[in-house]
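Right, one structure below, let's go through it.
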Amino acid sequence: VQLQASGGGLVQPGGSLRLSCAASGNIFSGNVMAWYRQAPGKQRERVAIITITGSNANYAGSVEGRFTISRILNTIYLQMNSLNPEDTAVYYCNLWMRGKDFWGHGTQVTVSS
């Protein structure tokens, strides 16, 4: 299983970014996909998670109402609006499947003026 993430970059406060992550390989049903982030000196935290059908999603309180996770087959997206400097972090794509975690490489998101 491979996860390929893209879409990070530098954005001004109040701006928007959209992250993408495509999973490939032997993907079985019953999986969930998620976005995590890790800021310097902080633990990795889950930002948003979505079920295989895309019908159910859950968000961290710090991003609720600003971020939207979506899914088409084995690709997930994270639309990030109203970004602020506290959102600066490396964002990681995650696939949980049959008791195992798979991780993509991180993509840097920097919110700064």
Side-chain angles (χ1 to χ4, degrees):
V1 175
Q2 292 186 330
L3 301 172
Q4 183 68 41
S6 61
L10 173 65
V11 64
Q12 292 186 340
S16 298
L17 279 176
R18 188 187 192 218
L19 305 183
S20 301
C21 175
S24 60
N26 293 326
I27 311 296
F28 299 100
S29 62
N31 65 74
V32 293
M33 295 186 73
W35 287 99
Y36 286 72
R37 67 184 181 186
Q38 188 166 19
K42 295 187 177 180
Q43 289 187 330
R44 188 174 296 189
E45 64 169 344
R46 193 175 72 196
V47 174
I49 188 168
I50 191 166
T51 56
I52 188 170
T53 62
S55 60
N56 290 294
N58 188 264
Y59 300 89
S62 58
V63 308
E64 183 86 48
R66 299 188 298 122
F67 290 13
T68 302
I69 188 171
S70 58
R71 180 170 182 168
I72 300 176
L73 298 178
N74 292 323
T75 297
I76 61 170
Y77 305 90
L78 187 67
Q79 178 66 43
M80 304 184 292
N81 299 328
S82 302
L83 285 161
N84 58 62
E86 289 70 39
D87 295 316
T88 295
V90 178
Y91 284 71
Y92 297 90
C93 176
N94 170 268
L95 169 71
W96 183 91
M97 180 175 67
R98 295 188 174 183
K100 293 183 179 180
D101 278 303
F102 299 89
W103 295 93
H105 64 85
T107 183
Q108 177 70 46
V109 172
T110 302
V111 185
S112 175
S113 55

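- Annotation: side chain of Arg37 is in contact with side chain of Glu45 (closest heavy-atom distance under 4.5 Å).
- Heavy-atom minimum distance, Gln108 versus Ala89: NE2-O, 3.4 Å.
- Put simply, Phe102 and Val90 are part of two different groups of oily side chains (I, L, V, M, F, W, Y) that touch within less than 4.5 Å, one to the next.
- The shortest heavy-atom contact between Thr53 and Ser55 is OG1-OG, 2.7 Å.
- No side-chain donor from either of Arg44 and Tyr36 sits under 3.5 Å from a side-chain acceptor of the other.
- Not a single ring-ring contact (aromatic ring centres under 6.0 Å, His included) links Tyr92 to another residue, sequence neighbours left out.
- No donor-acceptor distance shorter than 3.5 angstrom exists from the side chain of Tyr91 to the backbone of Leu78, with no hydrogens or angles considered.
- In terms of heavy atoms, Ala23 sits closest to Leu3 at CB-CD2, 3.2 Å.
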For residues 79-86, tabulate all N or O donor-acceptor pairs below 3.5 Å that involve a side-chain atom, not counting sequence neighbours.
residue, atom, partner, partner atom, Å
Gln79, NE2, Asn81, OD1, 2.9
Asn81, OD1, Ser16, OG, 2.9
Asn84, OD1, Glu86, N, 2.9
Asn84, OD1, Asp87, N, 3.4

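- Checked by atom type and distance alone, the side chain of Thr107 never pairs as donor or acceptor with a backbone atom of Ser6 at under 3.5 Å.
- When each of Leu95, Ile52, Ile27 is paired with Asn74, the side-chain contact (heavy atoms from CB on, under 4.5 Å) condition holds for Ile27 and for no other.
- Atom CD of Gln38 has more than 12 heavy atoms from other residues, nucleotides or ligands within 6.0 Å.
- Within the structure, side-chain hydrogen bond (donor to acceptor under 3.5 Å, both in side chains) contacts touching residues 97-106 (residues at least two apart or in different chains) are Gln4-His105, Asn94-Asp101.
- In this structure, the side chains of Met97 and Val1 come closer than 4.5 Å at one or more pairs of heavy atoms.
- The shortest side-chain heavy-atom distance between Ile50 and Ile76 falls under the 4.5 Å cut-off.
- Rounding to the nearest 0.5 Å gives a distance of 7.0 Å between CD of Gln12 and OG of Ser113.
- Contact record, Trp35 with Ser20: CH2-O, 3.5 Å, taken as the closest heavy-atom pair.
- Taking the ring axis of Tyr77 as reference, the NZ or CZ atom of Arg18 stays within 45° of it and closer than 6.0 Å to the ring centre.
- Under a hydrophobic-cluster definition in which Ile, Leu, Val, Met, Phe, Trp and Tyr are linked whenever side-chain heavy atoms come within less than 4.5 Å, directly or via other members, Met33 and Ile49 are assigned to different clusters.
- Here the side chains of Glu64 and Asn58 are not in contact, with every heavy-atom distance at 4.5 Å or above.
- Between Ala48 and Tyr59, the shortest heavy-atom contact is CB-CD2, 3.6 Å.
- In the hydrophobic clustering of this structure, Phe67 does not group with Val32; members are Ile, Leu, Val, Met, Phe, Trp, Tyr whose side-chain heavy atoms approach within less than 4.5 Å, directly or through other members.
- If you run side-chain contact (heavy atoms from CB on, under 4.5 Å) between Thr88 and each of Val109, Leu10, Val111, only Val111 comes through.
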